[in-house]
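Chain naming here is simple, since letters A, B, ... match the order of the sequence lines and numbering starts at 1 in each.
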There are 2 protein chains.
Amino acid sequence: MEHAERVLVAAGELFYRRGVRAVGMDDVRAASGVSLKRLYQCFPSKEALVVAYLERRDERWMSSLISSVEERPVKVAAVFEWLERWFGEDDFRGCGFVNAYGELGSTSEAVQEVVRRHKQRLRDYLRGLAAEAGAADPDLLAEQLLVLVDGATVTAMVNPLGAATAARAAGRAAAAAVTAACRE
Amino acid sequence: MEHAERVLVAAGELFYRRGVRAVGMDDVRAASGVSLKRLYQCFPSKEALVVAYLERRDERWMSSLISSVEERPVKVAAVFEWLERWFGEDDFRGCGFVNAYGELGSTSEAVQEVVRRHKQRLRDYLRGLAAEAGAADPDLLAEQLLVLVDGATVTAMVNPLGAATAARAAGRAAAAAVTAACRE
DNA sequence: TAGCCTAGAGAACGCTCGTTCTCTCGGGCA
DNA sequence: TGCCCGAGAGAACGAGCGTTCTCTAGGCTA
């Protein structure tokens, strides 16, 4: 495995689990087995590493969602079933992008930008599902689904015991929104 | 004004605007005009100050929401109209609680706890509105409204240009959820 | 075999910041 | 008037951490 890849795997685990600021470059070095010197050759600063981490997470998170949803007949419902499974994972700690935004958004334009891009990609994907479901206004339904996904994730993070409840409530709200969107 | 109150006013502004970690105790001292020694007499640690900030913010935020909603006839809709106005304020920077959770949740139990309490208070209030609206299952509708409020806030934070769109989309999703909840 | 280049380990540096300490000054009381 | 107490200003301290530097060892080439 490439050095950069090893670093990204280790950093992805650490940053998501413990938060970006709580993880030092030396922790990344120890977990990846890549020396500091080489680490800084691959990523010239911690900010660059964080941006790369978020981009990798975007790709993997979206792929997991999409591959899970695309094999189901009722795709909008499948989104929230996937969410519920995600919320139930042991290391679930909320949305890595929202957390990173809260930690670094005030100090790093680059982080802001990559988070925005991720949410836009998710919005675009949901817009496809909305159109497929027959919404009269797919942009509106996509925005509603995005709000429900992000809201359920925040609620699940703050209150892990109610995570499944939040996912199911969001799923039912999504169904109601789809119904309303198709009736227009 | 009491020293503690002066500190809380200054800290509230700074912590919300720039994030908790980006604001040092010396910034709070400078903004409040209260000496460091007295500051530490009022709040024995930065964590204690952060908790007090969040508790004060909870009280004021909920009061603002409630007083605005209670004078309207259709209260659920009023929640999202209030959100849209909030999102449009100059210094809007997302949900102070979610941001604090992202910044400090991994290191401070106390912060986690106060954020959880705030969301529970909001859920309780929304449950009252859900029951009043005639929902067959007010807990479910309350959870859905909570998810919509938090989701719209996150979306508005990440993409300020689309903040009003997010608030209105959430409001329409809420209306659909109310309709569905009353039809059961 | 001798010299050079690279890479890794980890020490070092500089900065930020939470927290505490010290020094000085002013005001109230005997 | 002289003393004591408290309060404020700000220096100081120590820890954490991003980033860079140094030293050493090992392998490759002539």
Side-chain angles (χ1 to χ4, degrees), chain A residues 1-55 99-112 114, chain B residues 1-55 99-112 114:
Chain A
M1 188 157 48
E2 292 286 334
H3 288 122
E5 183 67 13
R6 288 228 306 279
V7 170
L8 283 174
V9 169
E13 178 77 10
L14 292 172
F15 285 162
Y16 180 68
R17 245 191 147 80
R18 318 210 310 244
V20 172
R21 295 191 95 116
V23 172
M25 293 300 264
D26 205 59
D27 296 319
V28 176
R29 178 201 56 75
S32 65
V34 171
S35 73
L36 267 188
K37 190 194 273 184
R38 203 182 265 285
L39 207 167
Y40 274 94
Q41 278 168 4
C42 297
F43 305 97
S45 68
K46 188 178 184 183
E47 187 184 37
L49 176 57
V50 171
V51 168
Y53 146 67
L54 291 172
E55 272 163 358
N99 293 346
Y101 199 103
E103 282 192 275
L104 305 173
S106 64
T107 54
S108 167
E109 290 281 340
V111 168
Q112 282 185 32
V114 68
Chain B
M1 189 158 49
E2 291 285 334
H3 288 122
E5 182 67 13
R6 287 228 307 278
V7 170
L8 283 174
V9 169
E13 178 76 11
L14 291 172
F15 285 162
Y16 180 68
R17 246 192 146 79
R18 318 212 309 245
V20 172
R21 296 190 95 117
V23 173
M25 293 299 265
D26 205 60
D27 296 319
V28 176
R29 178 201 56 75
S32 65
V34 172
S35 73
L36 267 189
K37 189 193 272 184
R38 202 181 265 287
L39 207 167
Y40 274 94
Q41 279 167 3
C42 298
F43 305 96
S45 68
K46 188 179 183 182
E47 188 185 36
L49 176 58
V50 171
V51 168
Y53 146 66
L54 290 173
E55 273 163 357
N99 293 346
Y101 198 104
E103 281 191 277
L104 305 173
S106 65
T107 55
S108 168
E109 289 282 338
V111 167
Q112 282 185 32
V114 67

Rounding to 0.5 Å, atoms OH (A/Tyr53) and CG (A/Leu49) come to a distance of 10.0 Å
* Under a 4.5 Å cut-off applied to non-hydrogen side-chain atoms, are A/Asn99 and B/Tyr101 in contact? -> no
To the nearest angstrom, the NZ-P distance between B/Lys46 and C/dT20 comes to 15 Å
Within residues 4-19 of chain A, those residues having any heavy atom closer than 4.0 Å to DNA chain D are none
note: B/Arg21, atom CZ; D/dG16, atom P; distance rounded to Å ~ 13 Å
Whole-Å distance, B/Leu39 CG to D/dG10 P, equals 15 Å
B/Tyr40 OH to C/dC17 P, in whole Å, measures 12 Å
Minimal heavy-atom distance between B/Ser106 and A/Arg18, with the atoms involved, is OG-O, 3.1 Å
All heavy atoms of B/Pro44 vs all of B/Ala48, minimum pair found to be CD-CB, 3.9 Å
Overall bend of the helix from C/dT1-D/dA30 to C/dA30-D/dT1 (five pairs an end, 10° steps) is 30°
For the residue pair A/Arg29 and A/Met25, establish whether any side-chain heavy-atom pair is separated by less than 4.5 Å. no
A/Phe43 atom CZ is separated from D/dT19 atom P, nearest whole Å, by 13 Å
Of B/Val28, B/Leu8, B/Val50, B/Val51, the one forming a side chain to side chain contact (heavy atoms under 4.5 Å, CB included) with B/Phe43 is B/Leu8
Rounded to the nearest 0.5 Å, the CD atom of A/Glu13 sits from the CG atom of A/Asp27 at a distance of 13.0 Å
Here the gap from B/Leu104 atom CG to B/Glu109 atom CD, rounded to the nearest 0.5 Å, amounts to 12.5 Å
Heavy-atom nearest pair, B/Ser32 first then B/Val7, reads CB-CA, 4.0 Å
Minimal heavy-atom distance between B/Cys42 and B/His3, with the atoms involved, is SG-CB, 4.2 Å
Residues of residues 25-38 of chain B with a heavy atom under 4.0 Å from any atom of DNA chain D, listed by number, are B/Ser35, B/Lys37, B/Arg38
Checking B/Glu47, B/Glu103, B/Lys46 against B/Ser108 for side-chain hydrogen bond (donor to acceptor under 3.5 Å, both in side chains), the one that qualifies is B/Glu47
When rounded to whole Å, the CG to P distance for the pair B/Leu49 and C/dG18 reads 10 Å
